[in-house]
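In what follows, a single structure is set out as structure tokens and then discussed.
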Amino acid sequence: MEDHEIHEEDHATVTENIHSLFETIKEFGQTNIDLVKLKAADRVTDIISSLVANLFVLLALVMFLVILNIGIALLLGELLGKNYYGFFVLAAFYLIVGLIFNSKKVKWFQTPIGDTLVKKMFK
């Protein structure tokens with residue numbers, strides 16, 4: 001009878017150890033999931049904050065360029081005799097620049113921007 005009681009105690013201890021092991025594995029898995037979520041949130045936050053900062057710099061640059069272009073258009077217009085001639089010259093210039101950028105957009109913009117975003121996500 002005594003052997004039977006010891007065997008039942010061993011069985012109970014093994015069952016408790018297996019249950020404890022499964023609980024530890026479950027907690028470990030949850031911790032890993034939480035860690036992945038935190039890393040993803042960190043990357044997303046880094047990307048968004050970088051984009052917002054770059055948008056403010058871009059906005060300042062665009063404002064500078066708009067005011068500069070108005071000044072150049074007025075100067076050209078004065079040199080050509082009519083103010084609106086300067087705006088036509090700048091419009092033609094930007095049309096040519098736009099066509100060149102359009103033909104090179106994948107090489108100059110899409111590929112480098114995509115590569116940068118991928119690097120930021122997997123840093």
Next on the checklist: Measuring only between side-chain heavy atoms, which start at C-beta, is Asn17 closer than 4.5 Å to Leu21?
Outcome noted: no

Item to check | Non-hydrogen side-chain atoms of Phe87 and Asn69 separated by less than 4.5 Å | outcome: no

Hey, could you give me the [atom1]/[atom2] distance between [X] and [Y], rounded to the nearest 0.5 Å?
X	Y	atom1	atom2	value
Leu65	Leu58	CG	CG	9.0 Å
Leu55	Ile48	CG	CD1	11.5 Å
Leu99	Tyr94	CG	OH	14.5 Å
Leu68	Met63	CG	CE	12.5 Å
Ile72	Ile67	CD1	CD1	12.5 Å
Leu80	Leu75	CG	CG	9.5 Å

Should [X] and [Y] be counted in the same cluster of Ile, Leu, Val, Met, Phe, Trp and Tyr side chains packed under 4.5 Å apart?
X	Y	result
Leu76	Val97	yes
Val89	Ile70	no
Leu38	Val44	no
Leu74	Leu90	no

Next on the checklist: Keeping Ser20 on the side-chain end and Glu16 on the backbone end, is there a donor-acceptor pair under 3.5 Å?
Outcome noted: no

Item to check | Sidechain-backbone polar pair: Asn54 side chain, Ser50 backbone, donor-acceptor under 3.5 Å | outcome: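 At least one qualifying donor-acceptor pair exists.
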
Item to check | Under the side-chain contact (heavy atoms from CB on, under 4.5 Å) test, residues paired with Thr116 that sit two or more places apart | outcome: none

Checklist entry - Looking at residues at least two apart in the chain, or sitting in another chain, which of them share a side-chain contact (heavy atoms from CB on, under 4.5 Å) with Tyr84? => result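 So Tyr84 forms a side-chain contact (heavy atoms from CB on, under 4.5 Å) with Lys82, Phe88.
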
Checklist entry - Which is it for Ile33 and Lys37 under the side chain to side chain contact (heavy atoms under 4.5 Å, CB included) test, yes or no, and what are the steps along the way? => result CA-CA 6 Å; Ile33 290 170; Lys37 287 179 183 178; 3.7 Å; yes

